Protein chains: 2
Amino acid sequence: MGDRERDIEAIRAFNRIYTERLGLLRPKLDRSPFSLSEARLLYELAQGDTVTAAELSRTLGLDPAQISRTLKRFAGQGLIETTPHPGHGKRRVLSLTQQGQAAFAALERNTRATIGGLVDSLPAFRARRLVAAAEAIASAFEASLPPVPHLRSLRPGDLGLVTARQAILYARDYGWNAEYEALVARILADFQESFCAERDAAWIAELDGEMVGSIFLVHGGTADVGKLRLLYVEPHARGLGIGKLLVATCIAHARALGYARLDLWTNSVLVAARGIYERAGFRLVGEEPHHSFGQDLVGQIWSCDLRTGAGRGEQV
Amino acid sequence: MGDRERDIEAIRAFNRIYTERLGLLRPKLDRSPFSLSEARLLYELAQGDTVTAAELSRTLGLDPAQISRTLKRFAGQGLIETTPHPGHGKRRVLSLTQQGQAAFAALERNTRATIGGLVDSLPAFRARRLVAAAEAIASAFEASLPPVPHLRSLRPGDLGLVTARQAILYARDYGWNAEYEALVARILADFQESFCAERDAAWIAELDGEMVGSIFLVHGGTADVGKLRLLYVEPHARGLGIGKLLVATCIAHARALGYARLDLWTNSVLVAARGIYERAGFRLVGEEPHHSFGQDLVGQIWSCDLRTGAGRGEQV
DNA sequence: CTCCTTTGTTGACTCTATCAACAATATAGT
DNA sequence: ACTATATTGTTGATAGAGTCAACAAAGGAG
């Protein structure tokens, strides 16, 4: 039913398929004398970060009893050696012997070959998607800190991506047709071709390296009036203050470039943006109904006087 | 070093992280009386597709001995019942009892809650990416058939995506600057705004539902001369005949619309495209050096006479 | 009717996973 | 200094997983 249910079902389905294919539950790795737990233990020891049995137990989530016995077996096979911990009599510092490192290296080659075989078994196109998705999942889990939005300047492809995202979002949410996509494409083509660093600027908002919003500062017919254009924030990235950050950055830059006023054109249906503009110091100066993008809309012109304190963030 | 090495490393890293977080190797699922193998077995029985012990052994990849013992234990707990197989005395048809279905339902709730907790533990933004990536991986494995390219018409966002992909590819491979991206954006804005179904058309090539190429048929100044524009195929989707398919489709449609000739403008550095044009029946009619997109290039005009047999596929 | 395959069971054994008990050491509070 | 408490590592006991081998019952191909 709900989004959450569907998400859970998607992950479960993925889980099943992945488990079957990667053989994660195969305790004995193919052609290797080590069980999965042993292999993980060896891996931790080879990394050299975890050096006591208690640490291994915590990092790997294994029972201390099992660790103790496994280590004893490894010591008997000459794979590891222990030295007393300086300043703590009970602890024992663990390290791989030469032989242990060799065993680990063999294990590494083995896993690599297994995964390599998996990758090769897929058509090249799907293998690429698999790797990309794997990286996405790993990065989603790896980062312990919550994602922090940050702004960057334009890169190749940004003009197109902004066009695509806005077209898709407004088509989905408001039924706007391809006329709007063409308008955005033309605005951005004009922006790029008449770009002048003293009068124009653009920022892309990113979250975890993914584009989630944009804003453009464009010169108009009048020298001291700039235009704010194409502000948008991805729905799933809203509520993080990204819109506010984009508008504030744009206003500050416009002021730094010497603009006296900043105008923008928007539509009344875009209520989320409206709030951002108001709080940033914009005032509604005109409204006019029009039929565009296949819909009946009310266009709005907002204006922000940059010579007053407006937009300096005092109305936070 | 190589791409393949990096792919393998990415999947390994993913594997480790995922294993730790989803607890796939925890044989005893949290707060559940069933081991992972038992749970998988119950799942298969609940689906109702696999109904004999031998089938379970094959689908789950488990040892027949283990299956036999687990089933005996389940039968002892009143979770399953067996009926003789019609027409095969040795086989036994397995099914969950009322009690077994209840146990499975509880297990399901449990798993859902666990995964739900995992999803909830991530910031909403990352949770979305996780789900998207999970779906991508599942679909990469699930499909047994190799991906088949197919063409579709335009959807919202396509103009922008085509712009973005071409800008990124040509920036990466040939160092073209944003001037090119602006050109593509303008071409597509013009295409959309002057679109006329009797004279214009566009196709997007897809592989596994992902855009991997495009082509545009555009009317020009002369009524009976059409223009082929913005052909491209993603590097990782090349060698599948997608470029040829796009061009052939475009030519066929141009002919159907009554065009007498098809022209295209390209650059000499795009050698892959050149071969496609030649084989489709285009002939080089003019070349001219120019400085564009930050590079010294040689522009080419190719032309295809639609009144002869050219482009009908006889030069396959 | 014989040979071979499929299906299911049982025995034997190793290893994993887990719980409980316990000893050695370190630390914090009084 | 002394005591309570936590941490670290070990050992015993036990259920189940996983594997290999042997084997019996049934069916099918020649």
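Not measured: the values here are computed from a predicted model. First the proteins, then the strands, lettered A, B, ... as listed; each starts at 1. Every heavy atom of this structure was used, including side-chain atoms; hydrogens, water molecules and symmetry mates were not.
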K.L.:
Using atom CG of B/Leu41 as one end and atom P of C/dG8 as the other, report the distance to the nearest whole Å.
P.N.:
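Interatomic distance, CG of B/Leu41 to P of C/dG8: 12 Å.
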K.L.:
For A/Leu71 and D/dG9, what is the distance between atoms CG and C1' respectively, to the nearest whole Å?
P.N.:
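After rounding, the gap between these two atoms is 10 Å.
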K.L.:
For C/dT7, does OP1 or OP2 lie under 4.0 Å from any side-chain N or O of B/Arg58?
P.N.:
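Affirmative; the distance criterion is met.
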K.L.:
Once hydrogens and angles are ignored, does a donor-acceptor distance under 3.5 Å link the base of D/dG12 to the side chain of A/Arg69?
P.N.:
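Under the 3.5 Å cut-off, the side chain and the base do form a donor-acceptor pair.
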K.L.:
Check every atom of C/dT10, D/dA17, D/dG9 against the side chain of B/Ala65 and return the nucleotide holding the closest atom.
P.N.:
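Given the options C/dT10, D/dA17, D/dG9, the side chain of B/Ala65 is closest to C/dT10.
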K.L.:
Using heavy atoms to find the nearest nucleotide of DNA chain C for B/Glu55 and A/Asp63 separately, return the residue whose nucleotide is more 5′.
P.N.:
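Going by which nucleotide is closer to the 5' end, it is B/Glu55.
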K.L.:
Please give, in whole Å, the distance from D/dG16 P to B/Glu38 CD?
P.N.:
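Those two atoms, CD and P, are 8 Å apart.
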K.L.:
Quick check on B/Arg128: does its CZ atom have over 12 non-hydrogen neighbours (other residues, nucleotides or ligands) under 6.0 Å away?
P.N.:
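No, not enclosed.
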K.L.:
If the cut-off is 4.0 Å, is A/Gln66 near the phosphate of C/dT16, judged by side-chain N/O to OP1 or OP2?
P.N.:
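No, because none of the side-chain N or O atoms of A/Gln66 sits under 4.0 Å from OP1 or OP2 of C/dT16.
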K.L.:
Below 4.0 angstrom from OP1 or OP2 of C/dG8, is there any side-chain N or O of B/Ser68?
P.N.:
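No, B/Ser68 has no side-chain N/O under 4.0 Å of OP1/OP2 on C/dG8.
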K.L.:
Tell me the interatomic distance from B/Leu56, atom CG, to D/dG18, atom P, rounded to whole angstroms.
P.N.:
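That distance rounds to 14 Å.
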K.L.:
Do any N or O atoms from the side chain of B/Ser68 and from the backbone of B/Ala65 form a donor-acceptor pair under 3.5 angstrom?
P.N.:
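Flag not set: sc B/Ser68 to bb B/Ala65 has no pair under 3.5 Å.
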K.L.:
Just how far, in rounded Å, is C1' of D/dG16 from CG of B/Leu62?
P.N.:
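It is 13 Å, rounded to the nearest whole Å.
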K.L.:
If I take atom CZ in residue A/Arg73 and atom P in nucleotide D/dT10, what distance separates them, rounded to the nearest angstrom?
P.N.:
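Taking CZ of A/Arg73 and P of D/dT10, I get 13 Å after rounding.
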K.L.:
Ignoring hydrogens and geometry, is there a side-chain-to-backbone donor-acceptor pair from B/Ser57 to B/Leu62 under 3.5 Å?
P.N.:
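Indeed, once roles are kept as given, a pair shorter than 3.5 Å links the two residues.
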K.L.:
For C/dT10, does either OP1 or OP2 sit under 4.0 Å from a side-chain N or O belonging to B/Lys72?
P.N.:
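B/Lys72 to C/dT10 OP1/OP2: side-chain N or O found under 4.0 Å.
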K.L.:
Counting just side-chain N and O atoms, does A/Arg92 come under 4.0 Å of either OP1 or OP2 of D/dT10?
P.N.:
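A/Arg92 to D/dT10 OP1/OP2: side-chain N or O found under 4.0 Å.
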K.L.:
For A/Thr52, report the nucleic acid contact type (base, sugar-phosphate, nothing); a contact means any heavy atom under 4.0 Å.
P.N.:
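The residue A/Thr52 makes sugar-phosphate contact but no base contact.
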K.L.:
Determine the interplanar angle of the A/His236 and B/Phe125 rings, folded into 0 to 90°, and report it as parallel if under 30°, tilted if 30 to 60°, perpendicular if over 60°.
P.N.:
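Ring orientation, 0 to 90° scale: parallel.
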K.L.:
So, does A/Ser214 use its side chain to make a donor-acceptor pair with the main chain of A/Ile204 at under 3.5 Å?
P.N.:
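Here the side-chain-to-backbone pair does not exist.
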K.L.:
Taking OP1 and OP2 of D/dG18, is either one under 4.0 Å from a side-chain nitrogen or oxygen of B/Ser37?
P.N.:
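So the side-chain polar atoms of B/Ser37 do come within 4.0 Å of the phosphate oxygens OP1 or OP2 of D/dG18, strictly under.
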K.L.:
Rounded to the nearest Å, what distance is computed from the CD1 atom of residue A/Ile67 to the C1' atom of nucleotide C/dA17?
P.N.:
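In whole Å, C/dA17 C1' and A/Ile67 CD1 are 12 Å from each other.
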K.L.:
Nearest-Å distance, CG (B/Leu36) to P (C/dT16)?
P.N.:
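One finds 17 Å between P of C/dT16 and CG of B/Leu36, rounded.
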